[in-house]
Participant: 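Dumping the structure here so I can ask a few things about it.
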Amino acid sequence: MKRKIEALSREEKAILAGIRLSVTAHLVAEVAAVDKDLAVLCKAPFTLSLAAAGVPGRAKLICRDGAISVWFGDRHGDELGASTKGAAGGMLLFPNARACARSLAGGRGVIIPLPFGIAFPRALRFFKAAASRAPALLRSPDLPPTIKARLLLAATVHGLSAVAGDSWLEKRMHHFPDGIAQVVAGDALFLLEKKGRMIRVLENEPNGRSDAAALRIPDAILTFSSPESAIAVLSGKRQAVVALGAGEVTIAGLLSLIQGLFSVLDRLSWYLGVGVGEDEK
Amino acid sequence: MNASSERFAKSQEYFERAARVIPGGIYGSKSPGFLVPGHFPYYLSSASGCRIKDVDGNEFIDYLCGYGSQIVGYGNPEVDRRALAQIAVGDLLNQPHPVMVELAERLVGSVSGMDWAVFSKNGSDMTTLATSLAMAETGKQIVIAAEDAYHGATNWCSSNVFPVFASEEQRNIAYFQYNDIAGLEALFARHRGKIACVILTPYHHPTFKPQLMPSPDFFPTVERLCATEGAYFIMDDIRANYRLDAAGSHVRFDAHPQMVTMGKAMANGYPLSVLLGTKDLAVTASGFFITGTYWMSGAPMLAAMATLDEIERLGGVPRLEKLGAILKEGLESLGAAAGFGARVSGPLAIPYLTFDEDPNLYFNQRFCAAMADRGIFIHPHHNWFISLALTEKDLEITLDAARGSFAQMAAERQSFRAGPPR
Ligand SMILES: Cc1ncc(COP(=O)(O)O)c(C=O)c1O
């Protein structure tokens with residue numbers, strides 16, 4: 001049954017907004033890495049936070065040396081990076097979770113710009129351009145499948161990470177084992193660490209922080225046989241079970257970890273299916 | 001299409017069609033992802049003795065036995081003769097067939113310590129009925145069970161983890177680790193005065209993990225704690241029945257449950273399960289509304305009578321264990337010779353292979369895939385079952401395939417993407 005955002009609990013609204021914040025931030029960072037026009041906007045450093053009132057999760061984009069890295073967590077987390085002089089930008093604050101979910105799903109919504117430093121104008125210019133470029137790029141038939149697969153995979157793994165703390169999932173998260181899962185599609189590879197009620201994406205951490213856990217042999221591996229199969233599954237055009245049965249996806253190792261992550265993915269899909277406003281984008 | 005998908009082209013075609021009209025295509029434990037897709041069929045069309053055939057015409061020597069039910073062989077002529085004769089003259093009637101009385105008498109006479117029997121179709125029906133009876137009889141709500149034990153697909157015990165079930169049906173189930181006496185004592189202390197029953201399998205048979213036999217002081221402790229609490233001890237023998245002891249697997253371990261659930265092997269694949277209980281529960285059981293449209297059909301009960309005869313005629317547990325021992329010794333020694341820590345755990349008639357060096361089961365998946373490529377159906381994630389239809393010759397073929405599979409794995413070992421796991 002499709003839910004409307006009004007029917008969600010306070011916590012669910014916050015989770016939904018958190019998912020949108022994290023996925024958007026990571027997606028624009030990925031897109032910036034492959035899009036020439038956006039690359040131009042990343043020449044000078046900046047930081048930009050994305051947050052919504054009443055939502056603990058916030059995202060921070062950190063542009064340094066022409067590349068964007070992303071931090072996502074609650075406001076008490078160890079916000080990384082951005083000590084570069086002259087890089088302080090500011091924050092885009094959504095007045096509430098609903099506005100955040102709706103705006104970041106492509107609908108209308110109010111955003112309050114909060115400049116903190118001189119880099120704010122360029123941060124804003126970048127974000128506006130990137131936020132509209134990402135969905136356009138994903139829709140474009142000219143986008144090479146390897147890149148599209150990588151973008152969709154990035155959105156999925158960061159979505160999983162953002163939804164994991166949902167209390168609806170608490171029992172489920174305890175029900176499957178901890179461990180590291182590797183997800184591969186073409187040359188895109190992500191490592192996810194599941195520990196207790198948390199899912200962390202180990203790859204692409206800001207500051208090039210290399211994580212000891214990332215060097216371990218993964219406990220389970222999920223491989224898409226081609227970027228095309230990844231795109232079909234991750235965009236919802238092909239059921240994961242069918243792709244699995246057809247050999248377009250293979251799973252190996254600690255199966256219960258993969259099964260558990262699939263069940264978290266179900267919850268993520270549920271959130272992404274929530275109706276967010278009159279245009280229901 | 002690669003070679004393996006050509007081998008299972010029809011299976012895959014059916015699966016694609018299925019996914020359009022059946023949620024998940026094939027749901028539950030038969031889902032392709034639980035095996036190794038590309039190496040196993042998804043749809044089977046026929047079987048005979050210990051051999052199964054898939055929709056593409058591939059044949060396998062089978063070590064899963066329809067998840068345990070086929071104990072005297074697929075299409076056992078004597079079982080089928082008696083069941084099919086009844087089907088020809090009426091299977092499901094308004095009232096029970098007299099064989100129900102005969103079967104109840106036979107089970108009460110043979111399963112140690114039991115005074116009455118009621119029948120249904122699935123194991124889950126019976127584990128649910130048993131725990132419900134214990135709750136009704138004691139007026140208490142807590143059910144104690146072992147972590148990772150399987151007692152069925154009903155909400156109270158299933159792996160369907162949704163908050164709405166957690167706050168209701170699953171709220172009163174307390175878990176401890178199988179064999180962990182201190183953990184069990186702690187649960188009894190925590191829930192004193194509220195415990196209706198303890199439900200346990202005769203040995204621990206989790207998926208994905210080595211199987212665990214009960215420690216010598218485990219069941220005596222369970223019985224002592226239950227007696228003090230005034231709680232019932234239910235033995236869920238659904239997976240193991242008739243493969244450990246004809247008088248019930250509890251006899252094997254000198255345990256004394258007040259209720260025993262059986263299913264699977266008891267009717268060689270015809271749908272039938274049973275709950276047996278002691279006298280003191282008979283009044284509550286007789287006051288319980290126990291029914292299902294198909295629960296009293298006669299043919300499966302006739303099949304059960306024939307199955308029990310056939311188990312005896314074909315050598316029963318000793319014969320199963322002889323076959324199981326050949327398999328265990330063969331696999332472990334062939335594995336060791338190829339440099340692998342292959343270990344077969346569980347009872348001889350219900351074995352399961354794991355690799356000491358690989359708790360994540362990468363090796364299991366490779367080995368079982370290699371075996372399936374060679375026409376042997378063994379499961380990478382679920383325990384196997386020995387059938388009385390197996391012969392020494394079948395085992396020879398199986399172990400030949402194992403030799404080839406281990407050699408293939410040894411040759412590939414360097415190139416394993418995952419490397420030798422931690
Ligand atoms: C120990 C045990 N209990 C209960 C069940 C549930 O039986 P069914 O699948 O017939 O409902 C099973 C099935 O595997 C089982 O192994």
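Convention: sequence-line order gives letters A, B, ...; per-chain numbering from 1. Quick caveat: nothing in here was measured; it's all calculated off a predicted structure.
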Participant: Does atom CZ of B/Arg17 have more than 12 heavy-atom neighbours from other groups under 6.0 Å away?
Facilitator: no
Participant: Between CZ of B/Phe162 and CZ of A/Arg172, what distance do you get to the nearest 0.5 Å?
Facilitator: 4.0 Å
Participant: Measure the CD-OG distance between A/Gln259 and B/Ser31 for me, rounded to the nearest 0.5 Å.
Facilitator: 8.0 Å
Participant: Mind checking the CG-CZ spacing from A/Leu244 to B/Phe15? Nearest 0.5 Å is all I need.
Facilitator: 7.5 Å
Participant: Rounded at 0.5 Å granularity, tell me how far CD1 in A/Ile251 sits from CZ in B/Phe34.
Facilitator: 10.5 Å
Participant: With respect to chain B, which residue among A/Pro177, A/Ser256, A/Gly253 yields the maximal number of heavy-atom pairs within a distance under 4.5 Å?
Facilitator: A/Gly253
Participant: Check the surroundings of atom OH in B/Tyr175: do more than 12 heavy atoms from other residues, nucleotides or ligands lie under 6.0 Å from it?
Facilitator: yes
Participant: Between chain A and each of B/Ser11, B/Ala19, B/Pro32, count heavy-atom pairs under 4.5 Å; write down the option with the most.
Facilitator: B/Ala19
Participant: For the candidates B/Gly33, B/Pro163, B/Pro37, which exhibits the highest count of non-hydrogen atom pairs separated by less than 4.5 Å from chain A?
Facilitator: B/Pro163
Participant: Looking only at non-hydrogen atoms, find the nearest pair between A/His175 and B/Ser159 and report the distance.
Facilitator: NE2-CB, 3.8 Å
Participant: If you count heavy-atom pairs within less than 4.5 Å of chain B, which of A/Leu255, A/Leu257, A/Val242 leads?
Facilitator: A/Leu255
Participant: Near B/Arg343 CZ, under 6.0 Å, is it more than 12 heavy atoms from other residues, nucleotides or ligands?
Facilitator: no
Participant: Would you say the side-chain atoms of B/Tyr362 pair up with the backbone N or O of A/Ala220, donor to acceptor, closer than 3.5 Å?
Facilitator: yes
Participant: Are more than 12 heavy atoms from other residues, nucleotides or ligands located less than 6.0 Å from atom CZ of A/Phe176?
Facilitator: yes
Participant: Output the distance between atom CD (B/Glu16) and atom CZ (A/Arg238), rounded to the nearest 0.5 Å.
Facilitator: 4.0 Å
